[in-house]
Amino acid sequence: MVNPWVEILLDDYENHMRLGSVMQLQTMNQMMKSQLEDYPVSSAMILGVAGGNGLEHISKDKFEKVYGVDVNSDFLKEVTRRYLYLDGILECLCVDLINETEKLPKADMVIANLLVEYIGYECFQKAIQQINPQYVSCIIQINVTDNWVSDSPYLHVFDRLEQVHHQIEETTLEKAMLIIGYHTIKTSDHMLPNGKKLIQIDFER
């Protein structure tokens, strides 16, 4: 099966995410600012980097290396174009996290925002064990209704994602991380306009 994320256009994804009724692009941008600033690391890996939302918060004074990982090569080409000034620090890697975990290099920190939902707990555990970071920061979405994709003109763009989507629960993710040696050090909630909630959970090894 071709990963449905490969077939999604970046414009459709970002236009949906930035709608006033959704506000995920804007909210996660600010959340990523603190993710990149809060911990004493010199390398980071962003799993599911998409179009690079939040990468403008990368400090050249702090980071020696940042990896942007995604399964969609077109997304990564746009990330490279948008962030040319991070050349030498930012490296984009086209990796299918379900089948190609062994391709991932090591990094001090992993940032995974709205990512675990599309690979599941077990694949995420394998990715973390391969990367072997000191810190992991995740953002997951909690759905108040049964609709995990917010209503928008772009709704049907995401129809095939149901094939790979998993509903993630905060306590189950914490248990899965504890199994591989990571304990929770911080959690925070961010409400969205449509009643959905983003939960940030940070872990340390």
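Using modelled atom types and a 3.5 Å distance limit, the side chains of Asn29 and Glu56 yield a donor-acceptor pair. For the residue pair Asn72 / Glu7, no side-chain donor-acceptor distance below 3.5 Å is found, with atom types taken as modelled.
The two residues Ala107 and Ala44 make their nearest non-hydrogen contact at CB-C, 4.1 Å. Considering every non-hydrogen atom in both Gln200 and Ser137, the closest pair reads NE2-OG, 3.4 Å. Nearest heavy atoms, Leu104 versus Ala127: CD1-CB, 4.0 Å. Residues Gln26 and Met17 share a closest heavy-atom pair of OE1-O, 3.7 Å. Across all non-hydrogen atoms, the minimal contact from Val136 to Cys138 is CG1-SG, 3.8 Å.
In this structure, CD1 on Ile139 lies 11.0 Å from CD1 on Ile199, to the nearest 0.5 angstrom. Atom CD of Glu91 sits about 10.0 Å away from atom OG1 of Thr80, to the nearest 0.5 Å. Rounded to the nearest 0.5 Å, atoms CD1 (Ile98) and CG (Asn3) are 5.5 Å apart. Summarising the geometry, atom CD belonging to Gln125 is positioned 14.5 Å from atom CD belonging to Gln130; distances are rounded to the nearest 0.5 Å. Between Gln129 atom CD and Ile180 atom CD1 the span is 5.0 Å, to the nearest 0.5 Å.
Formation of a donor-acceptor pair under 3.5 Å by the Arg205 side chain with backbone atoms of Pro133 is found in this model. Using a distance-only test at 3.5 Å, with no hydrogens or angles considered, no donor-acceptor pair links the side chain of His57 to the main chain of Ser34. Side-chain N or O atoms of Asn132 include none that pairs as donor or acceptor with a backbone N or O of Lys106 at under 3.5 Å.
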**CA sep, side-chain torsions, deciding dist, call: Met191, Lys196, side chain to side chain contact (heavy atoms under 4.5 Å, CB included)** = CA-CA 6 Å; Met191 292 302 300; Lys196 296 183 186 296; over 6 Å; no
**Request:** Check the pair Asp11, Tyr13 against side chain to side chain contact (heavy atoms under 4.5 Å, CB included), reporting the backbone distance first and the verdict last.
**Result:** CA-CA 5 Å; Asp11 280 350; Tyr13 174 68; over 6 Å; no
**Request:** Evaluate the side chain to side chain contact (heavy atoms under 4.5 Å, CB included) criterion for residues Leu192 and Lys197: first the C-alpha distance (whole Å), next the side-chain angles of each, then the deciding distance (0.1 Å), finally the verdict.
**Result:** CA-CA 6 Å; Leu192 299 172; Lys197 181 166 63 173; over 6 Å; no
**Request:** Just do the side chain to side chain contact (heavy atoms under 4.5 Å, CB included) check on Glu204 and Gln134 with the steps written out, would you?
**Result:** CA-CA 6 Å; Glu204 183 176 4; Gln134 184 72 28; 3.6 Å; yes
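Residue Gln24 is tested with Gln141, Glu14, His190 for a side-chain hydrogen bond (donor to acceptor under 3.5 Å, both in side chains); the sole match is Gln141.
Under the 4.5 Å side-chain criterion, counting only non-hydrogen atoms from C-beta, Leu97 is in contact with Leu47. Leu198 has its side chain within reach of Leu114: a pair of non-hydrogen atoms, C-beta onward, lies under 4.5 Å apart. Taking 4.5 Å as the limit, every side-chain heavy atom of Cys92 sits out of range of all side-chain heavy atoms of Tyr67. Taking 4.5 Å as the limit, some side-chain heavy atom of Gln35 sits within range of a side-chain heavy atom of Asn113. Between Val71 and Val95, the closest side-chain pair of non-hydrogen atoms is not below 4.5 Å. The closest side-chain heavy-atom distance from Ser42 to Asp108 is below 4.5 Å.
Taking Ile, Leu, Val, Met, Phe, Trp and Tyr as members and joining any whose side-chain heavy atoms lie under 4.5 Å apart, directly or through other members, the hydrophobic cluster of Tyr135 also contains Met32, Leu36, Tyr39, Val41, Ile46, Val49, Leu55, Ile58, Phe63, Val66, Leu76, Val79, Tyr83, Tyr85, Leu86, Ile89, Leu90, Met109, Ile111, Ile185.
Residues Lys126 and Glu122 are not paired through a salt bridge, judged by the lack of any N-O separation under 4.0 Å between the basic side chain and the carboxylate. A salt bridge links Asp38 and Lys186; the closest N-O separation between the charged side-chain nitrogens and carboxylate oxygens is under 4.0 Å.
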Residues 169-178, side-chain donor-acceptor partners within the protein, below 3.5 Å, at least two apart:
from, atom 1, to, atom 2, distance (Å)
Glu174, OE2, Thr184, OG1, 3.2

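The number of heavy atoms from other shown groups lying within 6.0 Å of CG (Asp87) does not exceed 12.
For Glu37, the salt bridge (charged side-chain N to carboxylate O under 4.0 Å, His left out) test picks out Lys33, with sequence neighbours left out.
A perpendicular orientation is assigned to the rings of Trp5 and Tyr118, their planes being inclined by more than 60° (bins at 30° and 60°).
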